[in-house]
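Structure record follows, encoded as structure tokens.
Bear in mind that the values here come from a model prediction, so they are computed numbers and not experimental data. These values consider heavy atoms only, across backbone and side chains, with no hydrogens, waters or symmetry-generated copies. Chain A is the first sequence line, chain B the second, and so forth, proteins listed ahead of strands; every chain is numbered from 1.
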Amino acid sequence: MTDLLHTYQKLLNHYGPRNWWPAETPFEVVIGAILTQNTNWNNVEKAIANLRKGEALTLGAILNLPLETLEQLIRPSGFFRQKAERLQLFCRYLQEHHQGSLEHLFDRELNLVREELLQLKGIGPETADSILLYAGQRLSFVVDAYTYRLFGRLGILSGKEKYSAVRELFMSNLRQDVQLYNEYHALIVIHCKNFCRKKPLCDSCFFTEMCLYRQQNC
DNA sequence: TTCCGGGAGG
DNA sequence: CCTCCCGGAA
């Protein structure tokens, strides 16, 4: 499946390296990964700005803040009640099982860490992989709705594959390189925001002959 | 004013 | 399957 590499090259040529994820620290990556579930990043930015202004961007602050206060700070990110609970659950877990240290959490065999993350309420596969890759620099490819959409339209996915199958497809066909995984997912995100939207802007998209969708609909 | 977009759990 | 929610675009 050299298509995956070819697609990566085209994206990288067009956008250049993204150096994701937009956060100051690994802990902020985790917070952002939870807040951005089913949510635009613009809304997450407002929530993070509120947390920062409220000096609430630390594990201790999130644990000690009254739930209602935390809810109001992250309100712009949507689903604020469940997300506030999930932030506190994650922080409490990190506190009690890893001395509050993400490094301690990450410093074991990949699948052990991943399974541990997946046990936590509010951390599904995409959030777990985002945390592993972008907060932990661990080799775990992130699959999201954009991945299904872009590669579905390119004719590489049918859309019916399970999350794990898509992740394994990428992981078994790409170099085992954290920076490559980081860039690839970031490039998929920006391309789907710019062009490969639900209502795609095919006219200005640089995937031409290799896009099945474009061949059939444009 | 309605509509759109975006993960996880139940 | 459904629910949880917002901000910005239409």
Sugar-phosphate only, base, or nothing, as touched by A:Ile34 at under 4.0 Å among non-hydrogen atoms: nothing

Residues in side-chain contact (heavy atoms from CB on, under 4.5 Å) contact with A:Lys193, at least two apart in sequence or another chain: A:Trp41, A:Tyr146, A:Val189

Between C1' of B:dG6 and CD of A:Gln37, the distance in whole Å: 10 Å

Listed pairs, N/O of protein and of nucleotides 6-10 of chain C, under 3.5 Å:
residue : atom : partner : partner atom : Å
C:dC6   : OP1  : A:Arg75 : NE           : 3.0
C:dC6   : OP1  : A:Arg75 : NH2          : 2.8
C:dC6   : O2   : A:Asn43 : ND2          : 3.3
C:dG7   : O4'  : A:Asn43 : OD1          : 3.0
C:dG7   : O4'  : A:Asn43 : ND2          : 3.4
C:dG8   : OP1  : A:Lys46 : NZ           : 2.8

Rounded distance (Å) that lies between atom P of B:dG7 and atom CH2 of A:Trp41: 12 Å

Separation of B:dG7 P from A:Leu35 CG (nearest whole Å): 13 Å

Nearest-Å distance for atom pair CD/P, residues A:Glu126 and B:dG5: 17 Å

Phosphate OP1/OP2 of C:dC5 contacted by A:Arg81 side-chain N/O (<4.0 Å): yes

Nucleotide B:dG9, atom P - distance to CZ of A:Phe90 in whole Å: 14 Å

Atom-pair distance (NZ on A:Lys83; C1' on B:dA8), nearest Å: 10 Å

Counterpart residues, side-chain hydrogen bond (donor to acceptor under 3.5 Å, both in side chains), relative to A:Arg52 (two or more places apart): A:Glu28

Side-chain N or O of A:Tyr146 closer than 4.0 Å to phosphate OP1/OP2 of B:dG6: yes

Exam field: side chain A:Lys46 to backbone A:Pro76, donor-acceptor pair closer than 3.5 Å: no

Mutual orientation of the aromatic rings belonging to A:Trp21 and A:Tyr134 [parallel < 30°, tilted 30-60°, perpendicular > 60°]: tilted

Separation of atom CG in A:Asp144 from atom C1' in B:dG5, rounded to whole Å: 13 Å

A:Tyr15 and A:Phe195 aromatic ring geometry - parallel, tilted or perpendicular at 30°/60° bounds: tilted

A:Ser130 (side chain) donor-acceptor with A:Glu126 (main chain) under 3.5 angstrom: yes

Of A:Arg197 and A:Arg86, the one whose closest DNA chain B nucleotide lies more 5': A:Arg197

Any donor-acceptor N/O pair, A:Gln215 side chain to A:Met210 backbone, under 3.5 Å: no

Between C1' of B:dG5 and NZ of A:Lys199, the distance in whole Å: 13 Å

A:Lys121 vs A:Arg149, nearer the 5' end of DNA chain B by closest nucleotide: A:Arg149

